[in-house]
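Read through the structure below, which is laid out as structure tokens, and then see the notes.
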Amino acid sequence: MLSLQEVSKTYTAQGQTFRAVLPVSMEIETGGIHGIIGTSGAGKSTLLRLMNLLERPDTGKVLFEGRDLTAMGERELREARRSIGMIFQQFNLVHNRTVHGNVASALELARTPKRDRERRIGEVLEFVGLQDKAGQYPARLSGGQKQRVGIARALASSPRLLLCDEPTSALDPQTTEDLLNVLLHINRTLGVTIVVVTHEMEVVRQICTSVSVMEMGEVVDTFALPKRADEG
Ligand code: ADP
Ligand code: ADP
């Protein structure tokens, strides 16, 4: 589904250069939930943002379904990105728009025809169980509800890949459990491939089918995980 080929990223701040991601190669297989685990500063979030070109790599290629994102022009890239959803630790919702408006914003960006938008917004809000919150502003929602809005927004353009940056780090344990179940549900019922960055082994243990371990900008280990007991 996604192939990183020798991608690297260096940041320059106050005259100092810092190598956040050394040349990394990685294959994300279709259908799984791939975890990226490591301590703070290991480069996990940067690596995730290289996957949809939210960050441009200094070197290397990013192939999504066989097509090189790094070689695409703006229009082609915007088109390809409709197939790659993303959710964030701090949810990144638009505060002055309602739940409905937040999901609508994704469809506006994706240039979905107006006549198709309302139906799609209804579908994804129902999927995350927030139909009755459509008119609320984010400030009125709990953390778990905010992340569900983030998920609804990410799912609006029917992505085949969902990138999750520390999706549960701002949530309490019970809400975390609920959210991990939503991610499992997305993977199993919608067939969406998921990549999840986390510093919590528990997240990996509960939902991931494979995991890469990052340390100081490098992937130092990658392995498959045993099937969950409830999968039979
Ligand atoms: P992780 O997600 O594993 O915590 P990050 O990818 O966020 O790691 O960061 C890796 C390193 O790159 C950190 O040392 C961080 O300070 C640095 N870094 C990340 N983003 C930027 C940026 N926009 N500008 C400068 N340095 C950055
Ligand atoms: P904002 O533009 O402030 O983000 P909305 O996107 O919620 O707010 O509203 C934009 C338009 O969508 C309005 O015309 C509103 O009537 C309509 N709308 C808002 N909520 C819903 C809903 N749950 N179902 C159908 N239409 C809605």
Side-chain angles (χ1 to χ4, degrees), residues 1-28 32-64 69-70 74 77-78 81 84-94 143 146-147 150-151 153-154 159 161-173 175-176 179-180 182-183 186-187 193-225:
M1 159 132 313
L2 189 86
S3 174
L4 301 182
Q5 301 182 352
E6 300 284 318
V7 295
S8 69
K9 183 73 189 179
T10 299
Y11 291 114
T12 306
Q14 288 143 9
Q16 302 262 19
T17 60
F18 186 88
R19 301 172 71 183
V21 173
L22 285 91
V24 162
S25 296
M26 181 183 280
E27 295 290 329
I28 306 294
I33 303 184
H34 188 74
I36 298 174
I37 195 163
T39 53
S40 177
K44 307 181 296 297
S45 180
T46 302
L47 188 69
L48 193 75
R49 296 158 69 91
L50 288 167
M51 291 182 182
N52 62 354
L53 256 59
L54 214 53
E55 296 280 1
R56 280 225 164 239
D58 298 329
T59 66
K61 290 182 180 179
V62 180
L63 272 64
F64 175 65
L69 299 183
T70 57
E74 275 308 313
L77 182 59
R78 187 171 59 223
R81 275 197 183 129
I84 310 177
M86 191 166 190
I87 63 171
F88 305 88
Q89 177 172 4
Q90 294 302 333
F91 322 124
N92 293 15
L93 301 182
V94 183
K146 285 179 193 166
Q147 192 55 291
I151 289 173
R153 183 180 57 186
L161 176 65
L162 179 64
L163 306 178
C164 311
D165 193 355
E166 298 275 5
T168 63
S169 297
L171 306 176
D172 63 54
T175 314
T176 291
L179 204 93
L180 293 179
V182 174
L183 293 180
I186 289 168
N187 177 248
T193 302
I194 295 179
V195 179
V196 56
V197 158
T198 182
H199 62 276
E200 298 167 296
M201 195 57 206
E202 190 56 22
V203 168
V204 170
R205 202 189 62 74
Q206 286 205 33
I207 65 169
C208 291
T209 53
S210 58
V211 64
S212 292
V213 183
M214 279 195 89
E215 275 175 23
M216 292 168 43
E218 288 188 285
V219 172
V220 294
D221 203 1
T222 294
F223 50 93
L225 290 156

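The basis for the numbers below is simple: all heavy atoms, side chains too, and nothing from hydrogens, waters or symmetry mates. Just so you know, ligand 1 is whichever comes first in the structure, and atom 1 is the first atom listed for that ligand. Keep in mind that what you see is a predicted model, and the values were worked out from it rather than measured.
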Sequence neighbours left out, cut at 3.5 Å: what donor-acceptor pairs do the side chains of residues 195-204 make with other protein atoms?
{"residue": "T198", "atom": "OG1", "partner": "E200", "partner atom": "N", "Å": "2.9"}
{"residue": "H199", "atom": "ND1", "partner": "E166", "partner atom": "OE1", "Å": "3.0"}
{"residue": "H199", "atom": "ND1", "partner": "E166", "partner atom": "OE2", "Å": "3.1"}
{"residue": "E200", "atom": "OE1", "partner": "T168", "partner atom": "OG1", "Å": "3.2"}
{"residue": "E202", "atom": "OE1", "partner": "R205", "partner atom": "NE", "Å": "3.3"}
{"residue": "E202", "atom": "OE2", "partner": "R205", "partner atom": "NH2", "Å": "2.9"}
{"residue": "E202", "atom": "OE2", "partner": "Q206", "partner atom": "NE2", "Å": "3.2"}

Inset, instruction - Give a yes or no answer on whether the side chain of K146 reaches the backbone of L93 with a donor-acceptor pair at less than 3.5 Å. - result: no
K9 meets the salt bridge (Lys or Arg N to Asp or Glu O under 4.0 Å) criterion, sequence neighbours left out, with E55
Taking C-beta and beyond as the side chain, do N52 and F64 meet within less than 4.5 Å on heavy atoms? no
Requested in this report: Measure the shortest side-chain to side-chain distance between N92 and M86 over non-hydrogen atoms and say whether it is less than 4.5 angstrom.
Outcome: no
Side chain to side chain donor-acceptor pair (under 3.5 Å) pairs touching residues 16-25, sequence neighbours excluded, are E6-S25
Contact set, ligand 1, heavy-atom distance under 4.0 Å, ordered by chain/number, equals Y11, F18, A20, T39, S40, G41, A42, G43, K44, S45, T46
